[in-house]
Structures are given as structure tokens and as C-alpha cells.
Peer 1: 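Please read through the structure below; I'll follow up with questions.
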Amino acid sequence: MKSKDFLSMTDWTRDELDHALQLAHKLKKELKATGTHQTKPLSGKTYGCIFHKASLRTRISFETGIYQLGGNAMYITDKEIELGKRETIEDAARVLSRYLGGIVIRTYHQNDIVKLAEWANIPVINALTDLLHPCQLMADIQTIIEKKGRIDGLKIAYLGDGNNMANSWIETANRWEIDLRIGTSPDTMPDATILAKANAEGPGKVSICHDAIEAVTGVDVIYTDVWASMGAKDKSDINAERLKQFQVNMTLLRNAHPDAIVMHCLPAERGREITDEVLESKHSVVFDEAENRLHAQKGVMCLLAE
Ligand code: CP
Ligand code: NVA
């Protein structure tokens with residue numbers, strides 16, 4: 001019987017997510033105190049890191065984290081294996097399972113990684129698809145807990161494009177008790193299926209606000225992401241027009257709770273979805289958030305190795 005995968009925030013129960021976050025917290029403390037880890041759960045294992053899109057944070061934090069947990073990381077681009085082109089995903093999954101201890105994959109279609117996970121008998125981790133980015137969310141939740149002391153009961157505004165980050169935030173709101181406001185235009189809405197399920201499951205609440213001030217009023221966290229994602233850069237100008245009221249700037253920030261934190265998964269297009277002034281302000285936690293990619297993903301891999 002195959003161990004679990006991590007393809008979306010809804011793959012795991014709240015208890016499993018909390019457990020992975022506790023492991024992440026412990027590993028972060030241990031690394032800061034000793035520079036290493038006592039136990040190496042990935043010892044003797046090679047993780048294949050398949051990337052079909054650019055990445056700074058995800059690739060480098062995964063590879064570093066795998067080494068720190070005693071494993072070996074192998075970076076694989078589409079040029080080597082041509083996943084789904086040179087042979088079927090079903091065949092590639094079964095062959096890769098004979099060599100590797102796990103797969104981290106960043107690609108376009110969520111269905112491709114679902115198929116890969118179905119046919120592989122090793123853990124598969126979603127390192128971003130067009131639909132979802134759950135590893136980012138684990139680091140985000142870890143950061144919010146560090147800064148605010150809790151996640152349940154918080155008001156969070158996600159502003160901007162209804163992309164993979166927005167979709168993952170909607171799934172996350174229901175894993176904890178989050179009051180999530182998605183501030184976006186009618187033309188940049190998140191995935192309709194994910195949204196339809198949002199308020200039916202779990203204790204969180206998701207609302208759509210087409211007015212930026214309404215979305216951020218009194219919130220504890222403001223979150224944003226680029227207005228045109230990888231693979232959709234042709235939407236850059238049109239989305240800039242559609243989303244201009246949702247730019248995270250000082251004027252908008254004044255409507256949030258005075259202690260509100262500002263988050264961005266990065267990379268940022270400074271001056272577009274967020275201003276320099278906000279990114280460099282005391283409200284911004286973006287670099288702690290980026291650091292936590294390393295710790296949160298190690299929590300995920302340790303849980304998968306249990
Ligand atoms: N936030 C994030 O996933 O960054 P990269 O695209 O650089 O990996
Ligand atoms: N929405 C962005 C996230 C990058 C981390 C993208 O998919 O390009």
C-alpha cells in the first residue's frame with residue numbers, strides 16, 4: 001500500500017496539516033540551534049525534483065531540505081524525461097517508483113500530477129500547478145502562526161488574480177477557521193469548483209469582494225501575488241487594468257487592522273500588485289515567509305516518511 005501524497009491542502013486532514021506544521025516548527029528550532037538534524041528520515045533516499053516551470057524558492061528550498069534530512073535531490077527538467085510525451089505518465093510513474101524515494105513536481109496541469117500520484121507507489125508532492133500551490137500555503141500558515149500566535153479566527157484578505165494561490169487559500173480557509181475575503185475583479189475569479197465547495201466544507205468562511213476596501217477592512221493579514229502567473233504572462237496588461245484597485249499600497253493598508261501583516265509568495269512585480277513602500281514596511285513578513293518554505297516542506301516530507 002502506497003504512502004500518502006501531498007497534492008492539495010484538502011488531501012490531508014486538519015490533524016495531519018497541524019502535525020506537519022509542528023514538525024516544521026521543531027525542525028526550524030533544531031536547525032537554528034545546532035545547524036543540523038539529529039534524525040535523517042530521508043537517509044538513503046533520492047527525491048526526483050521535476051520542474052517544468054522556473055523556480056527560485058521552491059526548487060532551492062526543496063533541494064536544501066532534502067539534503068538536510070539526509071536524502072539526495074535530483075533536479076529533472078522536461079528536457080530529460082519529457083513527461084507525458086516520450087512515454088505515458090502511467091509508465092513514467094511506475095519506472096520512477098523503482099528508483100526514487102519520492103517525487104516533487106512543478107508543472108502545468110493538476111490532472112497530470114494526480115495521474116502521476118495514482119500510478120507511482122512513492123509520495124508525490126505538488127510544487128505548484130496552474131491550479132494549486134499547497135507547499136506555499138504550509139509556509140504561509142507557519143509564518144502566520146509565528147507572527148500572530150494562531151491561525152483560527154483570523155481575518156485574511158487575498159487580493160489580486162484568482163490564480164493557484166487564491167485557489168489554495170480557499171482550500172486552506174476550510175482546513176482551519178479562517179474568515180477569508182478574496183478581493184478580485186469579476187473577470188479574474190478563482191476556480192469555480194473550488195469556490196463552490198468552499199463554504200460547504202469545514203469551519204472557514206470564504207467571501208468574494210469586488211471592492212478592495214471592503215476586502216481589507218479590519219483584516220489581520222493581507223496577501224497578494226502577481227497579477228499574471230507563469231504560463232499566463234499574456235494576461236499581464238489586461239489584468240493590470242482589471243485589478244488596479246487591488247494594488248497593496250499604503251493607502252489601502254490603512255484600512256486593515258493596525259498590526260496587520262502583509263504577505264506575498266514572491267516573486268513580486270514591485271509597483272504592480274504591491275508597492276515598494278509596503279514590501280519594505282514593518283508590516284511586510286515576506287522574507288520570513290520565504291524562509292519558512294524550507295522548514296514547512298521538511299515538515300511535509302517528514303510526515304510522508306513516517
Ligand atoms: N513562491 C514560489 O513558489 O517561488 P518560486 O516560483 O521561486 O519557487
Ligand atoms: N501565481 C504564481 C505563483 C508563483 C510562486 C505563478 O503561478 O506564477
Side-chain angles (χ1 to χ4, degrees), residues 6-9 24 47 49-66 73 75-78 103-110 112-113 125-144 158-172 182-185 187-191 194 221-240 242-243 246-248 262-270 272-274 279 284-301:
F6 186 58
L7 306 185
S8 83
M9 291 299 278
Y47 258 67
C49 301
I50 304 174
F51 279 76
H52 295 164
K53 294 180 179 176
S55 172
L56 185 157
R57 281 143 289 271
T58 310
R59 176 189 171 187
I60 296 170
S61 58
F62 260 113
E63 290 199 20
T64 305
I66 291 163
Y75 179 57
I76 306 164
T77 70
D78 204 29
I103 296 173
V104 171
I105 177 161
R106 167 169 289 197
T107 191
Y108 295 87
H109 307 297
Q110 183 75 12
D112 287 351
I113 65 163
I125 300 175
N126 180 358
L128 180 146
T129 61
D130 291 348
L131 190 71
L132 296 170
H133 195 4
C135 290
Q136 179 67 51
L137 258 297
M138 291 302 276
D140 296 340
I141 301 299
Q142 183 179 2
T143 310
I144 293 170
Y158 172 94
L159 299 187
D161 188 26
N163 60 15
N164 42 14
M165 285 308 312
N167 294 333
S168 279
W169 263 109
I170 294 169
E171 288 195 344
T172 301
I182 303 283
T184 194
S185 80
D187 299 315
T188 49
M189 289 283 285
D191 182 83
I194 292 175
V221 180
I222 296 183
Y223 199 103
T224 191
D225 181 21
V226 288
W227 288 346
S229 288
M230 291 181 276
K233 290 293 177 197
D234 56 318
K235 292 211 185 115
S236 226
D237 289 340
I238 181 134
N239 279 359
R242 289 164 168 163
L243 293 168
F246 298 98
Q247 183 192 59
V248 182
V262 174
M263 305 181 77
H264 191 309
C265 57
L266 302 178
E269 287 192 34
R270 287 167 176 260
R272 191 155 266 207
E273 75 275 4
I274 190 165
L279 256 182
S284 167
V285 298
V286 298
F287 298 108
D288 293 330
E289 182 186 357
E291 177 189 329
N292 281 337
R293 296 296 305 277
L294 172 70
H295 311 299
Q297 286 156 195
K298 283 199 285 185
V300 168
M301 290 188 287

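Numbering of ligands and ligand atoms starts at 1, following listing order. The shown structure was predicted, so the numbers you read here are calculated from the model rather than taken from an experiment.
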Peer 1: Does one side chain, of Q247 or R272, offer a donor that lies under 3.5 Å from an acceptor on the other?
Peer 2: no
Peer 1: Show the atoms of ligand 1 that are less than 4.0 angstrom away from any heavy atom in R293.
Peer 2: 1 (N), 2 (C), 3 (O)
Peer 1: Write out the residue and atom name of the closest protein heavy atom to atom 4 (C) of ligand 2, then the distance separating them to 0.1 Å.
Peer 2: L128 CD1, 3.9 Å
Peer 1: Which of the atoms of ligand 1 are close to L56, meaning less than 4.0 Å from one of its heavy atoms?
Peer 2: 5 (P), 7 (O), 8 (O)
Peer 1: Suppose I only count heavy atoms of R106 and a 4.0 Å limit; which atoms of ligand 1 are within that range?
Peer 2: 3 (O), 5 (P), 6 (O), 8 (O)
Peer 1: Does D225, backbone or side chain, put an N or O under 3.5 Å from an N or O of ligand 2?
Peer 2: yes
Peer 1: Does ligand 1 come near enough to M230 that some N or O of the ligand is less than 3.5 Å from an N or O of the residue?
Peer 2: no
Peer 1: For the pair K53 and D130, find out whether any cationic side-chain nitrogen is under 4.0 Å from an anionic carboxylate oxygen.
Peer 2: yes
Peer 1: Any donor-acceptor pair under 3.5 Å linking the side chain of N239 with the backbone of W227?
Peer 2: yes
Peer 1: Is the side chain of R106 donor-acceptor paired with the backbone N or O of L128 at a distance under 3.5 Å, no angle test?
Peer 2: no
Peer 1: Backbone or side chain, does any N or O of R59 fall under 3.5 Å from an N or O of ligand 1?
Peer 2: no
Peer 1: So which bit of N164 gets within less than 4.0 Å of ligand 2, heavy atoms only: side chain, backbone, both or neither?
Peer 2: side chain
Peer 1: I'd like to know if L266 contacts ligand 1, where contact means a heavy-atom distance under 4.0 Å to any ligand atom.
Peer 2: yes
Peer 1: Among T172, N163, T184, T224, find the residue that satisfies the side chain to side chain donor-acceptor pair (under 3.5 Å) test when tested with Y158.
Peer 2: N163
Peer 1: State which residue, out of L131, I170, D161, N164, fulfils the side chain to side chain contact (heavy atoms under 4.5 Å, CB included) condition with P190.
Peer 2: I170
Peer 1: With nothing but distance in play, are any N or O atoms of L266 less than 3.5 Å from an N or O of ligand 2?
Peer 2: no
Peer 1: Side chains of T107 and D112: any donor to acceptor distance under 3.5 Å?
Peer 2: no
Peer 1: Which residue and non-hydrogen atom of the protein lie closest to atom 4 (O) of ligand 1, and at what distance in Å?
Peer 2: R57 NE, 2.8 Å
Peer 1: In Å and rounded to the nearest 0.5 Å, what is the CG to CD1 distance from D187 to I238?
Peer 2: 7.5 Å
Peer 1: So, regarding N163 and ligand 2 (criterion: nitrogen or oxygen to nitrogen or oxygen, under 3.5 Å), is there a contact or not?
Peer 2: yes
Peer 1: Decide yes or no for W169 and L137: does some side-chain heavy atom of the first lie under 4.5 Å from some side-chain heavy atom of the second?
Peer 2: yes
Peer 1: Quick test: of every protein heavy atom, which one is nearest to atom 8 (O) of ligand 2, and how far off is it to 0.1 Å?
Peer 2: M230 N, 2.8 Å
Peer 1: Counting each atom of ligand 1 from 1 as listed, which ones have a heavy atom of H133 under 4.0 Å away?
Peer 2: 2 (C), 3 (O)
